[in-house]
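Right, one structure below, let's go through it.
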Number of protein chains: 2
Amino acid sequence: MRPQKVLDKEIVTKLVEVFRSNGYDGASLSELAEKTGLKKASLYHRFPEGKQGMAVAVLNYLGEWAEENVFNILNDETIPPAQRLLRGLDNIRVLYSDGKNACVLRAFSLGSGLELFENQIKNGMTQWIDAFKTIGKSFGLSEGKAQKYAVRTLVELQGSLVVTKGLNDLSIFDQTLKDIESKYLNK
Amino acid sequence: MRPQKVLDKEIVTKLVEVFRSNGYDGASLSELAEKTGLKKASLYHRFPEGKQGMAVAVLNYLGEWAEENVFNILNDETIPPAQRLLRGLDNIRVLYSDGKNACVLRAFSLGSGLELFENQIKNGMTQWIDAFKTIGKSFGLSEGKAQKYAVRTLVELQGSLVVTKGLNDLSIFDQTLKDIESKYLNK
DNA sequence: GTCTATAGCTAGATAGAC
DNA sequence: GTCTATCTAGCTATAGAC
């Protein structure tokens, strides 16, 4: 087999950048090709399903990253809750580059992205809520309270990314994560 | 003058629908024409600046609506704070159709929309924060606390719209507005 | 596996008749 | 003021050489 000019993982991480800053409709194959360093035809060789296949790869990649670095940590009952929370929040900072990166679930929630990826978006957000629900219960919250806290946490996270981007002010993302932290620690 | 087939205001409200559910890049002239009931060339007659001009009209229309129905009410010091808050929140429910509508400031925060309308987005969000800051002070909060509350309120509002859409669950928007309400009433 | 070249279509935008 | 017809540029996607 002829060696790949660009490794799969490298390609996907480049695709991630384009899709999450432009949304599904706004991400053009020209830019996807340019940023990955491959020609359009080569991209189609890697992703026979075309643009939609690339978007699926992006969703899967970020979903797995979040599962490994956020959900699994928040859910790991062998670690004290406070420690789990802090490590999870740290990785959330990494995932969103301290607020500079958009969330792909949100970026895909418009136009044809919403129609094509409705289920992936719903499942992704549900996983976030479930993970925060688990840690809420570890902090001693009731089922109902843990659920409510978890939804509010996702709401705050998503909202902080929107407002951080809109005002171009990273302190909003930073402050929101601190608020989430103390909400659980002083529940 | 030959009478307009479609009134200006009717056109803009149709443009609003297309832009906020598709974003700037995702809104096509074909759909904008179809939804307004005008042909593309007629749309260009009304908006000589083209698609960008239509987007500006949308931003202005929604900005004026919010100023009249939300900001001015929250800022009206002749009315008791609690009453102002409830009326403002009611109109926010109208603006977003109980969570079914996206926020155009967020929809434009991707791709070329972000580059073209960076200032309008920033100014729009700042107005929201200022209005909530004013009412926070009316509720007796200090300058600093009122600012922090206001930012968090906008974060929660935006986040609730994202998550409401992603999970297709209007109760999230509803609950968030109730939370905002009690946050101020029980400050 | 990557490339050049291009098909087929739709995008945003315009000319000119009525 | 609205329309039909059309332009150019960009889009997603594919064919076929290497």
Without decimals, in angstroms, what is the distance between [X] [atom1] and [N] [atom2]?
X: A/Phe47; N: D/dT14; atom1: CZ; atom2: C1'; answer: 17 Å
X: A/Arg46; N: C/dT2; atom1: CZ; atom2: C1'; answer: 9 Å
X: B/Tyr44; N: C/dA13; atom1: OH; atom2: P; answer: 3 Å
X: A/Lys39; N: C/dC3; atom1: NZ; atom2: P; answer: 6 Å

Any residue meeting side chain to side chain contact (heavy atoms under 4.5 Å, CB included) with A/Asp76, in chain and number order, not counting sequence neighbours: A/Thr78, A/Ile79, A/Arg84
With A/Glu31 via side chain to side chain contact (heavy atoms under 4.5 Å, CB included) - residues at least two apart: A/Val18, A/Asn22, A/Ser28, A/Lys35
Those residues of residues 25-34 of chain A lying under 4.0 Å from DNA chain D by at least one heavy atom: A/Ala27, A/Ser28, A/Leu29, A/Ser30
Stretch residues 49-58 of chain B: residues that reach within less than 4.0 Å of DNA chain C through a heavy atom: B/Gly50, B/Lys51
DNA chain C: 5'-proximal contact among B/Lys40 and A/His45 (nearest heavy atom):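 It is A/His45, whose closest nucleotide lies nearer the 5' terminus.
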Sequence neighbours excluded - side chain to side chain donor-acceptor pair (under 3.5 Å) pairs with any residue from residues 158-170 of chain A: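 Sorted pair list: A/Asp169-A/Ser171.
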First encountered from the 5' end of DNA chain D, between A/Ala41 and A/Tyr24: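 Checking each residue's closest nucleotide, the 5'-ward one belongs to A/Tyr24.
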Can I get a per-line list of side-chain donor-acceptor pairs under 3.5 Å for residues 108-116 of chain A, giving both atom names and the distance, sequence neighbours left out?
unit_1	atom_1	unit_2	atom_2	d
A/Ser109	OG	A/Leu105	O	2.6
A/Ser112	OG	A/Asp25	OD1	2.2
A/Ser112	OG	A/Asp25	OD2	3.1

Set of residues satisfying salt bridge (Lys or Arg N to Asp or Glu O under 4.0 Å) with respect to A/Lys148, sequence neighbours excluded: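 A/Lys148 satisfies salt bridge (Lys or Arg N to Asp or Glu O under 4.0 Å) with B/Asp179 only.
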Sequence neighbours excluded - salt bridge (charged side-chain N to carboxylate O under 4.0 Å, His left out) pairs with any residue from residues 92-101 of chain A: A/Arg93-A/Asp174
A/Arg106 side, atom CZ; A/Met125 side, atom CE - distance, nearest 0.5 Å: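 If I round to the nearest 0.5 Å, the distance is 9.5 Å.
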Qualifying ring-ring contact (aromatic ring centres under 6.0 Å, His included) pairs, either residue in residues 55-93 of chain B, two or more places apart: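 Listed once each, the pairs are B/Phe71-B/Trp128.
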